[in-house]
Amino acid sequence: MKSNIRFFKKSKILPVDKFFKNVLYDNKIGYYSSRLPIGQKGDFITSPNISYLFSEIIAIWMISTWELFGKPKYFNIVELGPGDGSLINVLLRSFKKFPKFNSIKKIFLYEKSNYLKKLQKRNISDKNVKWINDFKTIKKGPVIFFGNEFFDALPIKQFKKINNLIYEKNYTFDKNHKIREVYKKASKNNCKILKSFKILKKLNFIEFPLFGFQELKK
Ligand SMILES: C[S@@+](CC[C@H](N)C(=O)[O-])C[C@H]1O[C@@H](n2cnc3c(N)ncnc32)[C@H](O)[C@@H]1O
């Protein structure tokens, strides 16, 4: 078995979110970067792979939203973290039954893993689907952003309050390559961010999705 300390790369100690970013998304050794973990042959299954109904209901909701907006001439749909492309394939098939909507909608996919991007390009035959890294490239019309199990696949930070001081959970490893948890005083910036959320005041253990907020800001 390969040692998990390879996920530390060149560091000796990493906060939980940065460690899991390497575990999940490192371009060479990350969980989502070297194989498809989703589906019958994978480690877990998600709703688009259980029933077409899930994706068909989303398709109908998108078309009714377009109608509600007064059927604009430009209408964009962005899927965040499309996995193996199952969901978007059912959407594309369903949209064909609504020719007017089908002819104006534009579809964009936002995917971090190069491995999954390649797989999606193989699985999705529609040539009008585009992969993007920057949402600013979408210039005209309303945009629906959606994703299944996207935000919960983003690593989080963990903090503990002791005597009113905030400590951040980090991982390190000992001389036998055993991974250990260590708490370090949280940075001034992280303390400031956490203190700005009233809801966190009474908690002694805090999970905080900094990467999730960074995605929301894009
Ligand atoms: C749990 S999988 C869900 C896949 C698919 N939506 C489904 O329901 O089967 C999470 C997906 O989000 C992608 N992903 C995770 N973090 C990302 C990021 N920061 N930017 C773009 N895609 C990301 C993963 O590579 C993967 O495709």
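Atoms within a ligand are numbered from 1 in the order they appear, just like the ligands themselves. If you're wondering where the values come from, they're calculated on a predicted model, not measured in any experiment.
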Please list, one pair per line, the donor and acceptor atoms closer than 3.5 Å that link side chains of residues 95-104 to other protein atoms, with sequence neighbours excluded.
{"unit_1": "Asn102", "atom_1": "OD1", "unit_2": "Lys105", "atom_2": "NZ", "d": "3.2"}
{"unit_1": "Ser103", "atom_1": "OG", "unit_2": "Pro99", "atom_2": "O", "d": "3.4"}
{"unit_1": "Ser103", "atom_1": "OG", "unit_2": "Lys100", "atom_2": "O", "d": "2.9"}

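Residue-to-ligand polar distances place Gly83 within reach of ligand 1: an N/O pair is separated by less than 3.5 Å. Among the atoms of Gly81, some N or O lies under 3.5 angstrom from an N or O of ligand 1. Residue-to-ligand polar distances place Glu111 within reach of ligand 1: an N/O pair is separated by less than 3.5 Å. Residue-to-ligand polar distances keep Ser113 apart from ligand 1: every N/O pair is separated by 3.5 Å or more. Taking only nitrogen or oxygen atoms, main chain and side chain alike, Glu149 does not reach within less than 3.5 Å of ligand 1.
At a 4.0 Å heavy-atom cut-off, ligand 1 touches Tyr110 through backbone and side chain alike.
In this structure, a donor-acceptor pair under 3.5 Å is absent between the side chains of Lys139 and Tyr74. Donor-acceptor pairing under 3.5 Å is lacking for the side chains of Asn27 and Ser33. Side-chain polar atoms of Ser187 and Asn190 form a donor-acceptor pair below 3.5 angstrom. Judged purely by distance below 3.5 Å, without hydrogens or angles, the side chains of Tyr167 and Gln158 never pair a donor atom with an acceptor atom.
Near Glu215, meaning under 4.0 Å from one of its heavy atoms, ligand 1 places the atoms 19 (N). Below 4.0 Å from some heavy atom of Pro48 lie the following atoms of ligand 1, by number and element: 8 (O). Of all atoms in ligand 1, numbered sequentially from 1 with element shown, those under 4.0 Å from a heavy atom of Leu154 are 16 (N), 17 (C), 19 (N). For ligand 1, the atoms sitting less than 4.0 Å from at least one non-hydrogen atom of Leu116 are 25 (O), 26 (C), 27 (O), numbered in the order shown with element in parentheses.
None of Lys118, Lys121, Gln120 except one satisfies the side-chain hydrogen bond (donor to acceptor under 3.5 Å, both in side chains) rule with Glu111; the exception is Gln120.
If you check which protein heavy atom lies closest to atom 17 (C) of ligand 1, you get Phe150 CE1, 3.6 Å. Atom 22 (N) of ligand 1 has as its closest protein heavy atom Lys112 N, 3.1 Å. For atom 15 (C) of ligand 1, the nearest protein heavy atom (residue, atom name, distance) is Tyr25 OH, 2.9 Å. In this structure, the protein non-hydrogen atom closest to atom 9 (O) of ligand 1 is Thr46 OG1, 2.5 Å. When only non-hydrogen protein atoms are considered, atom 8 (O) of ligand 1 lies nearest to Asn148 ND2, 2.8 Å.
The cationic group of Lys112 does not satisfy the cation-pi geometry with Tyr32, failing either the under 6.0 Å distance to the six-membered ring centre or the 45° limit from the ring axis.
With salt bridges taken as basic N to acidic carboxylate O contacts below 4.0 Å, one links Glu56 and Arg93.
Residue pairs that meet the ring-ring contact (aromatic ring centres under 6.0 Å, His included) test with at least one member in residues 184-207, sequence neighbours left out, are Phe197-Phe208, Phe197-Phe213.
Considering CG of Asn49 and CG of Asp84, their distance stands at 5.0 Å, rounded to 0.5 Å.
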